[in-house]
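Side chains included, hydrogens not; waters and symmetry mates left out as well; all remaining heavy atoms used. Chain letters run A, B, ... following the sequence lines, proteins first and then strands; every chain starts at 1.
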Protein chains: 2
Amino acid sequence: MSDVAATGVSVLLVDDHPIVRQGYRRLLESQGDLHVVAEADNAADAYGAFKAHDPDVVVLDISMPGASGLEAIRNIRARSPRARILVFTMHNEAVLVKAAFSAGASGFVTKSSEPSVVVNAIRSVARGERAMSDDIAHILAEDSLSTGSVLDQLGEREIEILRQFAGGATTEEIAAHLNLSVKTVQNYHYLIKTKTGARTDAQLVRLAATCGLTKI
Amino acid sequence: MSDVAATGVSVLLVDDHPIVRQGYRRLLESQGDLHVVAEADNAADAYGAFKAHDPDVVVLDISMPGASGLEAIRNIRARSPRARILVFTMHNEAVLVKAAFSAGASGFVTKSSEPSVVVNAIRSVARGERAMSDDIAHILAEDSLSTGSVLDQLGEREIEILRQFAGGATTEEIAAHLNLSVKTVQNYHYLIKTKTGARTDAQLVRLAATCGLTKI
DNA sequence: ATCCGGCTTGGGAAATTTGCCCGAGCTGCA
DNA sequence: TGCAGCTCGGGCAAATTTCCCAAGCCGGAT
């Protein structure tokens, strides 16, 4: 990464869909200056791949099931603060975007962006700049003006648990996914309900859906 | 499409993510026998593109926002019954898969499938065969198929209770609305879950939503 | 006519979850 | 240093869920 202009930008792809990875790889390689040096299909493997290949930019999807992609961002940044991470996902919730940036991401681009936006975002973060797609900027802008979504009352953990719960996971499954005790998940469940004012699990699911936390 | 073997397979890509379309395009073109002749980024444009280019296979993501991808399938098949449609999406719920097939899809492949699975599925549906990825076959098998819509298994009362429940009503409220004992509503709740195979209240809500029983 | 099967309605009892309260560790911030 | 907030879990009574069962009703089959 000492001379990006001369050597191009090396990229680590992290996404749980092989097809999508393959698509990225072809897209990036066709640019000439972008080179995919490694891939990972889950957040847990991301750091290992990062350490092994020392890419200029990590492109990762934080909407992977199970472990949080935010965790992966923190993991990488904690050990390699100069790492550049571009989040590339279909989610566009303001809370998620803010969480990603505060976790250490350098950029956030939605999958509905034009390919040119993505490749330019990769080049931007490789230069140490911040990058985000127009829709994300829009969402953050509106969010900064708005009264605040219901989700703003929730912490990161609470949001993750709400997402999995609304997605149909049982308490035990969530506990297993996040490596928590069932009791803790139950407590979060209850906390989320009281915080959001939902009196019913069904109301919670609807809430998550209307906030875009889960798609139905 | 008169001679697939000689001319290759022409494909129409329908997906709301430009990047993903670009990825597919590169993947398919690299196969030699598959040619992307058109793209569309929403369900509404899909039929126009189909009519204009008469592709052998339509590869489409039914998880697009706004209009239903199922609608697009029905649209295309209604006017061109010999159309071959391969659904390619990240969703893997049995109800959705069955809905897609009953809408006229010829194949259903999840985005977590290997690239080779996708290209082979395209070739299969081009030959007029059915195709689905292993995970989808598994899900359908477990679903033990049988009954058409999930709602067909439910009686009138069960549907009414499911609707109110998914709408956010508590057990007591439902009992009061319908002049039943709380116990009866509880039993219905349980019965509905076992009948539909939902293991979670959240899954029940999603089910009701996907069946159009409640809007979110 | 009779019987079968499914829907509707609820009781009962064990298993599980919920509702709240609590404490502890940790982090960031003043 | 101390406060505040998030995360994580124990405890325990109250509530709900999970199953199993029974009975009435009704339409269709025999």
Side-chain angles (χ1 to χ4, degrees), chain A residues 66-68 70-71 73-75 77-79 81 95-96 98-104 148-166 168-205 207, chain B residues 146-166 168-205 207-208:
Chain A
S68 168
L70 296 176
E71 205 52 53
I73 297 178
R74 248 177 253 107
N75 243 316
R77 294 279 299 185
R79 277 102 140 201
V95 276
L96 253 186
K98 290 195 282 193
F101 277 117
S102 77
S149 158
V150 195
L151 295 184
D152 289 350
Q153 322 166 45
L154 303 181
E156 202 179 284
R157 220 66 273 224
E158 293 162 335
I159 287 185
E160 179 58 27
I161 287 174
L162 173 56
R163 185 211 313 289
Q164 295 196 21
F165 170 75
T170 67
T171 303
E172 278 97 349
E173 287 167 353
I174 297 174
H177 290 157
L178 300 179
N179 235 270
L180 296 175
S181 86
V182 170
K183 182 63 190 177
T184 299
V185 177
Q186 287 175 341
N187 279 336
Y188 272 114
H189 189 342
Y190 168 71
L191 230 195
I192 293 167
K193 276 212 252 185
T194 58
K195 273 193 179 181
T196 60
R199 286 154 42 253
T200 289
D201 284 352
Q203 291 175 9
L204 223 44
V205 176
L207 192 78
Chain B
S146 65
T147 62
S149 166
V150 190
L151 296 185
D152 291 350
Q153 324 167 45
L154 303 181
E156 216 175 276
R157 219 77 261 228
E158 292 163 335
I159 288 187
E160 179 56 29
I161 288 174
L162 173 55
R163 184 208 316 287
Q164 295 196 22
F165 171 75
T170 67
T171 303
E172 280 98 347
E173 287 166 354
I174 297 174
H177 291 156
L178 300 180
N179 238 269
L180 297 174
S181 85
V182 171
K183 183 63 193 178
T184 298
V185 177
Q186 287 176 342
N187 280 334
Y188 271 115
H189 189 345
Y190 169 71
L191 228 195
I192 293 167
K193 276 212 253 187
T194 57
K195 273 193 179 181
T196 60
R199 285 156 38 248
T200 287
D201 285 351
Q203 291 176 7
L204 222 43
V205 176
L207 193 77

> Tell me, for nucleotides 4-19 of chain C in 5' to 3' order, what letter each nucleotide earns: B for a base near a protein heavy atom under 4.0 Å, S for only sugar-phosphate near one, - for neither?
Replying inline: ---SSBBBBB---SBB

> Which of these, B/Asp201, B/Thr171, B/Thr184, sits in a side-chain hydrogen bond (donor to acceptor under 3.5 Å, both in side chains) with B/His189?
Replying inline: B/Asp201

> Atom CD1 of B/Ile192 and atom P of D/dC19: how far apart are they, to the nearest Å?
Replying inline: 15 Å

> If we only count heavy atoms from C-beta on, is the B/Glu158 to B/Leu162 side-chain gap below 4.5 Å?
Replying inline: no

> Any side-chain heavy atom of A/Val185 sitting closer than 4.5 Å to one from A/Glu172?
Replying inline: no

>> side-chain contact (heavy atoms from CB on, under 4.5 Å) for A/Gln203 and A/Thr196? Distances and angles first, verdict last.
In response: CA-CA 10 Å; A/Gln203 291 175 9; A/Thr196 60; over 6 Å; no

> So, B/Glu160 and B/Arg163, do they make that salt bridge, N to O below 4.0 Å?
Replying inline: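 Salt bridge present between B/Glu160 and B/Arg163.
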
>> Rounding to 10°, can you tell me the angle the first-five-pair axis of the helix from C/dA1-D/dT30 to C/dA30-D/dT1 makes with its last-five-pair axis?
In response: 30°

If I compare all heavy atoms of [X] with all of [Y], which pair ends up nearest, and what's the gap?
X: B/Thr200; Y: A/Gly168; value: OG1-O, 3.4 Å
X: B/Leu154; Y: B/Lys195; value: CD2-CD, 3.7 Å
X: A/Thr194; Y: A/Leu191; value: OG1-O, 2.8 Å

